[in-house]
There are 2 protein chains.
Amino acid sequence: MAAVDADGPNTVIPDDRTEPRRQRLSPDERRQQIFECAQKLFNERAYEDVSATDIAAAAGVARGLINHYFGNKRELYLEVIKVNSTVSEVAVAKLPDGSFEERVEVAVAWFLDSLETSGASWLALGSGSIGRDPDLEKILIAAENDSIELLIDATGLAERTKNREQIRAMFRIYTQLVRSGGREWLLRKTLTRPQVHTLLASTLRVIVTEAVPAI
Amino acid sequence: MAAVDADGPNTVIPDDRTEPRRQRLSPDERRQQIFECAQKLFNERAYEDVSATDIAAAAGVARGLINHYFGNKRELYLEVIKVNSTVSEVAVAKLPDGSFEERVEVAVAWFLDSLETSGASWLALGSGSIGRDPDLEKILIAAENDSIELLIDATGLAERTKNREQIRAMFRIYTQLVRSGGREWLLRKTLTRPQVHTLLASTLRVIVTEAVPAI
DNA sequence: GTCATCTATTGACACGGTGTCAATAGTCTT
DNA sequence: AAGACTATTGACACCGTGTCAATAGATGAC
């Protein structure tokens, strides 16, 4: 336990007895308050390391109230994840018109650029501490979704509405390749940027020309 | 609770009373037997969905015996993971002499096979407590290294001693592709096995034919 | 201002999971 | 066949979850 301790609620109330011991809020407020406490705890520790009792204590509330508002612990957790994972509306770089190969080159270069500039902390977690820092992780997930849309644009698959979810899945796989490629280049320094670039570009091409058509 | 039910042991013994109700085995045998039951269950379901009681029931044994032999449930689980993710030398030996394409096909098929059999135990790795558990992490890194050696063999790069560490790096990147591909196939179920197979095979080919030579 | 009503909130309960440990009962030795 | 050794058991204590009738804070009526 970090900040909140024995005494209970986040907003610590002095021993003033003007406040009733039982603080009654509107359902919306209470739900929100519990949610925020849960969010904080789930961001600090893993799911199984956070007990409903912990959340209730942090919110200064009886454990049963959690079930009343969220059904069960898992549902609360999923709601936290959901909110954490919502895609931020970040403007994605506009890709130039050009041949397929050119657009792939530009997309890969863009990936590596953004890795280089803003990716130091981003890469750090992938290797060892992926569950440790969910704040970073949620940014990652949002970035991943953005990346997928970028890839769909870059590879000219935007019109293909048929098996969109499967195409997304393939690109989601590919983003992992980008991530681990960046790790070898920037963190372990086993590969140079051109080497990683070659690897990423050729795999992206082959995914679009062979794997996607196979859907 | 799938196959084995109320009555207990895997090797069902008829109501013949010649067998003592308590079957005493050598520690090695018993340990092995419990281990195999645990392995089966952990491959079918996730860690938290398999209770020690389930394992004990499957083995036809008192629950306490699990703790006696393995300490606690988590240690037993780690041992299963360790064995599951250890690449058997058999697999390497099975790589046929043949064209490059054939060997790639076999290697990819082998990867997917071992993913499929490892099944649910693989689930816990990506989502859950990876950074939090150094023991688990160590096991996984070792397994990754084994996979890399397998890939070097399969792709006929064993002789190439020149930039060995860079080749390793590229295959390390590739193993992440395998991992996330498996996740889409087995966990998210967004892709079918043939689809993932196509993706993995074509990317592996292109890595060897384009990315590795570029070193 | 007081009362009645509504409902947010509580706390005790049942249940299931885990790890421990003294007691029990196969098996092996002599 | 008796005794020693130890594999195996089963009950116990503890912890976490979800449920639900009871409780008490707030709100509106008068």
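Given the structure is predicted, the values throughout are model-derived calculations rather than measurements. Numbers restart at 1 for each chain; the letters A, B, ... are given by sequence-line order, proteins then strands.
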Task: Rounded interatomic separation in angstrom, taking CD from B/E29 and P from D/dT6 - done: 17 Å

TODO: Answer yes or no: side-chain N or O of A/R63 and base N or O of C/dG11 forming a donor-acceptor pair under 3.5 Å.
DONE: no

TODO: Evaluate the ring planes of B/Y47 and B/F42, with Trp represented by its six-membered ring, and classify them as parallel (under 30°), tilted (30 to 60°) or perpendicular (over 60°).
DONE: parallel

Open item on the list: Taking the side chain as everything from C-beta on, heavy atoms only, tell me whether B/I173 gets closer than 4.5 Å to A/L200.
Closed with: no

Task: Which nucleotide in C/dT10, D/dT9, D/dT17 has an atom nearest any side-chain atom of A/V61 - done: C/dT10

Open item on the list: Could you tell me how far apart A/E48 (CD) and C/dT18 (P) are, to the nearest whole angstrom?
Closed with: 13 Å

TODO: Tell me which of B/V50 and B/R24 sits closer to the 5' end of DNA chain C, going by the nucleotide each one is nearest to.
DONE: B/V50

TODO: Among D/dT9, D/dT6, D/dG16, find the nucleotide with the atom closest to the side chain of B/A62.
DONE: D/dT9

TODO: Describe the nucleic acid contact of A/L25 in one word from base, sugar-phosphate, nothing, applying a heavy-atom distance below 4.0 Å.
DONE: sugar-phosphate

TODO: Pick base, sugar-phosphate or nothing for A/R30, based on heavy-atom distances below 4.0 Å to the nucleic acid.
DONE: sugar-phosphate

TODO: For the pair A/F111 and A/Y174, name the ring-plane relationship: parallel under 30°, tilted 30 to 60°, perpendicular over 60°.
DONE: perpendicular

TODO: Taking only the side-chain heavy atoms of B/L65 (C-beta and beyond), determine which of D/dA11, D/dT17, D/dT8 contains the nearest atom.
DONE: D/dT8

TODO: Sort and list the pairs that fulfil salt bridge (charged side-chain N to carboxylate O under 4.0 Å, His left out) and have at least one residue in residues 166-178 of chain B, not counting sequence neighbours.
DONE: A/E184-B/R172, B/E149-B/R168, B/E165-B/R168

TODO: For DNA chain C, find the residues of residues 67-74 of chain A with a heavy-atom distance under 4.0 Å and give them by number; none if there aren't any.
DONE: A/H68, A/Y69

TODO: Using atom CG of A/D28 as one end and atom C1' of C/dT9 as the other, report the distance to the nearest whole Å.
DONE: 16 Å

Ignoring hydrogens and angles, write down the donor-acceptor pairs under 3.5 Å from the side chains of residues 56-69 of chain B, residues two or more places apart or on other chains.
| residue | atom | partner | partner atom | Å |
| --- | --- | --- | --- | --- |
| B/N67 | ND2 | B/G71 | O | 3.1 |

- [ ] Identify whether the distance between the nearest side-chain nitrogen and carboxylate oxygen of B/R205 and A/E210 falls below 4.0 Å.
- [x] yes

Task: d(CG, B/L76; C1', C/dG19) in whole Å - done: 14 Å

TODO: Consider only side-chain N and O atoms of A/E36 and A/Q32, and report whether a donor and an acceptor are under 3.5 Å apart.
DONE: yes

